[in-house]
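Comments concern the structure below.
Read the numbers this way: they start at 1 and go in the same order the structure lists the ligands and their atoms.
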Amino acid sequence: MAIKYVPEPFRIKVVEPLRMLTHEEREVKIAEAKYNLFNLKGEDCYIDLLTDSGTNAMSQEQWAGVMRGDEAYAGASSYFKLMEAGKDIFGFGFIQPVHQGRAAEKVVFPLLLSEGKFAISNMFFDTTRAHVILSGARPIDCVVAEAKDPSKRAPFKGNMDIAKMEEVIKEKGPENIGLVVMTITNNSAGGQPVSMKNLREVSVLAKKYGIPMCIDAARYAENAHFIKRDEPEYKDVSIKDIVREMFSYGDLFTMSAKKDTIVNMGGLLGVKDADSPLVLKIKANCISYEGFFTYGGLAGRDMEALAIGLYEGIDENYLRYRIGQMEYLAARLDDAGIAYQSPVGGHGVFVDAAAMFPHIPYNEYPGQVLCVELYKEAGIRTCDIGSYMLGNDPDTGEQLKADFEFSRLAIPRRVYTQAHLDIMADALIAIKERAHTIKRGYKITWEPPILRHFQASLAPIE
Ligand SMILES: *Cc1c(COP(=O)(O)O)cnc(C)c1O
């Protein structure tokens, strides 16, 4: 193996004991959970890779900040500290704290989208797609073609296909496109980064047609690391300056702070132009749905930890270690001939379950099959990013076929060690060896109308 593990740029001060169930106990737990990993208890998972969202380990500075949190209802000092950090890093005129990313979507999307409208993205994340649909509009993905070929190694597989984007604008009419959303990194395509060049080009095109551009910025710091690593003109630019330029191309941003900002709860919503008529409407929606605009559903201590996390998340040593973990795990899979969205992205390894189970069709959910097997094999909890997650066409009710069938091993920040990564690789290798003995996938026995993967019940097809 050519890759060396990048040592942790921190040491451990507080530990959280783990419990390992037996194989037999796990078989019972997953059946009781109706083969939906969201129904498992956290304590029944040995290594929990369900998501990197809100599962981060905070630093001693952040915990100290928790004690300093100002809980004033209006105008708390923690709010002003967060505003100062947000404006310094993103260069936006107006920033609204919210309790998480989807709250930002809920507050702002209905102001820009409605029935008959469309929103274009490189690729919508699941809750973002849901909020487009809930506003009455329809989402359209225009990711570059190479994103859909997991074995093709190319930089910036998260990019927007610019030609396709313009085609869609012309076909639907620019007046019917309410919003362009650039998801950085591109979560659903495997945490794949978007290049600065692509952000620039999308912004030029959006401006040409008068369409506002929103950055869905959950993993902006990881995206900045990839720009520095792979876009030659940025190799000597600081991460902070790269972040500033990335955000300069957006008119607004929605952000789940539960990712790169290394907290357990929080989100932000930004509008570049503080005088935009959107600002008053956002404040009004926020007061109705989230809380007064100087806390937006967060406790003062949450805002304090978030303000500190904004800086820790863009630390260059931390980012090298962070992406180094992905590269280490991916190199172990390369050695074993296990396919994944490659090159590996920013927040996890997206294993190509369609390649591991070529005999299982999309409507039997190969991604979900591998997730269930990983739990049975080693108590590892992951999640499907494939047809099971994508769900049904909102207009016809028919199962959609996703472009990929991934099982996502999302890696929480500053939580797991090299030994844990080895357990993940070993489990995948063991499953690959017996993959041909798993003949069929799953059927859905109950599902809610939207975001079904969180709640649905499944059963193995006999
Ligand atoms: C997590 C995420 C969201 C939603 O944020 P929550 O904090 O989970 O509500 C939106 N977009 C992207 C790209 C995300 O990764």
Side-chain angles (χ1 to χ4, degrees), residues 38 49-56 96-109 113 119-135 139 141 143 147 157-160 179-194 199 213-224 226 246-247 250 252-270 286 289-290 296-298 302-303 305-306 309-310 313 322 326 341 345-348 350 382-385 389-390 406 408-413 450-451 453-455:
F38 287 94
L49 310 179
L50 186 66
T51 173
D52 62 319
S53 178
T55 52
N56 307 304
Q96 172 64 59
V98 287
H99 83 273
Q100 60 185 98
R102 71 199 66 183
E105 294 159 5
K106 183 186 179 201
V107 162
V108 75
F109 281 10
L113 298 170
I120 300 176
S121 179
N122 50 343
M123 217 164 176
F124 285 100
F125 175 67
D126 55 356
T127 64
T128 319
R129 181 182 306 279
H131 277 288
V132 169
I133 294 171
L134 286 167
S135 76
D141 289 342
V143 73
K157 284 169 83 168
N159 280 354
M160 178 87 85
L179 195 59
V180 171
V181 177
M182 280 303 271
T183 313
I184 61 170
T185 59
N186 188 330
N187 186 351
S188 309
Q192 293 294 314
V194 173
L199 278 168
M213 172 161 158
C214 177
I215 299 181
D216 181 355
R219 299 182 184 80
Y220 68 99
E222 291 167 5
N223 200 85
F226 288 111
M246 282 169 17
F247 279 77
L252 53 153
F253 74 81
T254 54
M255 177 187 290
S256 169
K258 300 169 69 176
K259 289 45 176 265
D260 277 4
T261 310
I262 330 186
V263 289
N264 302 119
M265 187 52 72
L268 295 174
L269 168 54
C286 198
Y289 297 132
E290 287 285 301
L298 291 178
D302 296 330
M303 293 192 284
L306 212 168
L310 278 169
R322 164 80 181 152
M326 311 304 146
Q341 174 66 295
H347 64 287
F350 289 57
T382 55
C383 93
D384 171 279
I385 305 274
M389 181 184 92
L390 187 61
F406 289 137
R408 182 181 76 172
L409 284 68
I411 311 293
R413 293 168 185 77
I450 200 158
L451 290 170
H453 58 293
F454 290 119
Q455 296 193 76

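- In this structure, ligand 1 sits under 4.0 Å from heavy atoms belonging to Q100, G101, R102, E105, F125, T127, T128, T183, N187, D216, A218, R219, S256, K258, K259.
- By the neighbour-count criterion of 12 heavy atoms within 6.0 Å, atom CZ of F38 is densely surrounded, having more than that number from other residues, nucleotides or ligands.
- Between the side chain of N186 and the backbone N or O of V194 there is no donor-acceptor pair closer than 3.5 Å.
- The backbone N or O of T183 sits less than 3.5 Å from a side-chain atom of N122, completing a donor-acceptor pair.
- When atom types are taken as modelled, the side chain of N56 and the backbone of N264 share no donor-acceptor pair closer than 3.5 angstrom.
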- Task: Test side chain to side chain donor-acceptor pair (under 3.5 Å) on N187 and H347 and set out the steps.
- Result: CA-CA 8 Å; N187 186 351; H347 64 287; 3.1 Å; yes
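- Figure legend: K259 and F125 shown as a cation-pi pair, the cationic atom lying under 6.0 angstrom from the six-membered ring centre and within 45 degrees of its axis.
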